[in-house]
Trainee: 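Mind having a look at this structure? Questions to follow.
Note that ligands are numbered from 1 as they come in the structure, with each ligand's atoms numbered from 1 the same way. Numbering starts at 1 and runs along the sequence shown.
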Amino acid sequence: MRRADAPAIAQAAEVLRRGGLVVFPTETVYGLGARALSAAAARRIYRAKGRPSDNPLIVHVDGPEMLPLVARRVTPLARRLMAAFWPGPLTLVLKRAPGVPDAVTAGKSTVAVRCPAHPVARALIAELGEPIAAPSANLSGRPSPTAAAHAARDLGGRVSLILDGGPCREGLESTIVDARGRRPVLLRPGTITPAQVARAAGVPIARPGRGAPAAPGTRHRHYAPSCRVELVSPASVRGKWPATGKDSWLLHRSRAGSNAPARRRRVPGPIADYARALFSALREAEAAGAATLFVETVADRGVGRAVMDRLRRAAAG
Ligand code: AMP
Ligand code: MG
């Protein structure tokens with residue numbers, strides 16, 4: 001693990017150039033990066049994470065100028081969304097360019113691409129001079145890393161270098177939008193909300209049609225810490241709790257009622273703060289040896305929709 005200063009970024013670019021793996025910070029979560037235009041390099045990502053080979057990777061570019069290397073037929077809709085949200089936590093699904101290996105797209109005719117806002121991510125892409133393929137830097141199925149230490153715990157020993165750029169500002173993965181048509185199709189909710197996407201697009205969001213690609217990763221088990229995750233409503237958090245074990249943990253926004261688990265973390269205030277704290281709280285509870293982590297639910301709209309998406313999947317299984 002190295003502080004992400006200029007010499008460390010230069011070293012990371014050199015590792016990538018030789019086909020190696022580097023963990024780097026983005027504003028969403030930490031990414032596990034490899035050269036996007038090399039099939040061998042991209043395949044190393046799958047091996048390091050234990051990632052199913054049918055789950056494609058997001059390609060990171062340092063601006064729309066790099067887009068022709070990875071995507072074809074950049075639609076007017078995509079241009080509007082890029083103008084509104086890049087650099088930032090919005091991933092666009094477009095038709096893939098011939099140079100993108102199957103290992104990156106899982107053999108699909110489409111590619112997912114975004115331009116991150118984090119200065120270290122941008123500097124790394126610019127220094128390499130090529131797009132970087134990067135999923136979240138966790139072992140497959142585990143909570144996404146929002147700090148360098150999380151990535152080190154999962155992947156230390158499997159990567160050449162971890163760049164530490166501090167905690168992630170967003171803390172949830174990017175919003176993914178299929179931008180191949182006239183209307184945007186939401187494939188994964190994120191901190192950029194459906195309403196914001198529709199406003200920037202100038203047209204309403206379309207329902208996924210038949211044949212529209214689901215974001216494949218959303219089918220897999222995800223975000224699960226080693227403890228059991230149980231969702232509780234705000235009313236139940238405030239009310240009188242039934243007896244819970246000493247090994248229970250609570251992540252909540254509301255004031256906790258009587259008998260609530262003694263070990264807890266409260267993140268009141270804006271929902272964005274809760275979103276930012278979510279993955280690190282899952283890992284904190286796990287590290288503290290919790291058997292059950294109770295998590296307070298939020299209203300399923302705006303950023304809350306992304307929070308609930310991650311929570312439901314953390315609690316499944
Ligand atoms: P991760 O960075 O680990 O959150 O994973 C990236 C996610 O992007 C995948 O799980 C997919 O859901 C999504 N994705 C990547 N490429 C495509 C694509 N071509 N079409 C639709 N979704 C994609
Ligand atoms: Mg992931």
Trainee: In this structure, are over 12 heavy atoms from other groups packed under 6.0 Å from Arg265 atom CZ?
Mentor: yes

Trainee: Return the minimal non-hydrogen interatomic distance between Ser53 and Ala106, and the atom names on each side.
Mentor: O-CB, 3.5 Å

Trainee: Taking all heavy atoms of Pro145 and all of His150, pick out the closest pair and write down the distance.
Mentor: CB-CB, 3.5 Å

Trainee: At a non-hydrogen distance cut-off of under 4.0 Å, which region of Arg96 contacts ligand 1 (side chain, backbone, both, or neither)?
Mentor: neither

Trainee: May I ask you to list the protein N, O or S atoms found at less than 2.8 Å from the Mg ion (ligand 2)?
Mentor: Ser136 OG

Trainee: Go through ligand 1 atom by atom and flag the ones less than 4.0 Å from a non-hydrogen atom of Pro135.
Mentor: 2 (O), 3 (O)

Trainee: Among Pro167, Ser136, Pro25, which one satisfies side chain to side chain contact (heavy atoms under 4.5 Å, CB included) with Tyr30?
Mentor: Pro25

Trainee: Linking I/L/V/M/F/W/Y whenever any side-chain heavy atoms sit under 4.5 Å apart, do Val59 and Leu124 land together?
Mentor: yes

Trainee: For the backbone of Ala103 and the side chain of Tyr46, can you confirm whether one donor and one acceptor N or O come within less than 3.5 Å of each other?
Mentor: yes

Trainee: Check ligand 1 against Ile176 and write out every atom of the ligand that is under 4.0 Å from a heavy-atom position of the residue.
Mentor: 8 (O), 13 (C)

Trainee: Could you check whether any side-chain N or O of Arg263 sits under 3.5 Å from a backbone N or O of Ala288, counting only pairs where one atom can act as donor and the other as acceptor?
Mentor: yes

Trainee: Below the 3.5 angstrom mark, is there an N/O of Glu173, backbone or side chain, next to an N/O of ligand 1?
Mentor: no

Trainee: For ligand 1, which atoms, with element, lie under 4.0 Å from some heavy atom of Ile58?
Mentor: 6 (C), 8 (O)

Trainee: I'd like to know if Val93 contacts ligand 1, where contact means a heavy-atom distance under 4.0 Å to any ligand atom.
Mentor: yes

Trainee: Hey, is the main chain of Gly269 close enough, under 3.5 Å, to the side chain of Arg253 for a donor-acceptor pair?
Mentor: yes

Trainee: Of the options Asp154, Ile45, Leu32, which is the one that meets Val159 in a side chain to side chain contact (heavy atoms under 4.5 Å, CB included)?
Mentor: Leu32

Trainee: May I ask you to identify, for Arg114, whether its side chain, its backbone, both or neither come under 4.0 Å of ligand 1 on a heavy-atom basis?
Mentor: neither

Trainee: Are Tyr223 and Phe279 an aromatic pair by the rule of ring centers under 6.0 Å?
Mentor: yes

Trainee: What atoms of ligand 1 come closer than 4.0 angstrom to any heavy atom of Lys108?
Mentor: 18 (C), 19 (N), 20 (N)

Trainee: Check each of Arg122, Arg276, Arg169, Arg114 against Glu27 using the salt bridge (Lys or Arg N to Asp or Glu O under 4.0 Å) test, and report the only one that passes.
Mentor: Arg114

Trainee: Would you check whether Thr110 has a nitrogen or oxygen atom less than 3.5 angstrom from a nitrogen or oxygen atom of ligand 1?
Mentor: yes

Trainee: Show me which atoms of ligand 1 lie under 4.0 Å from any heavy atom of Asn55.
Mentor: 9 (C), 10 (O), 11 (C)

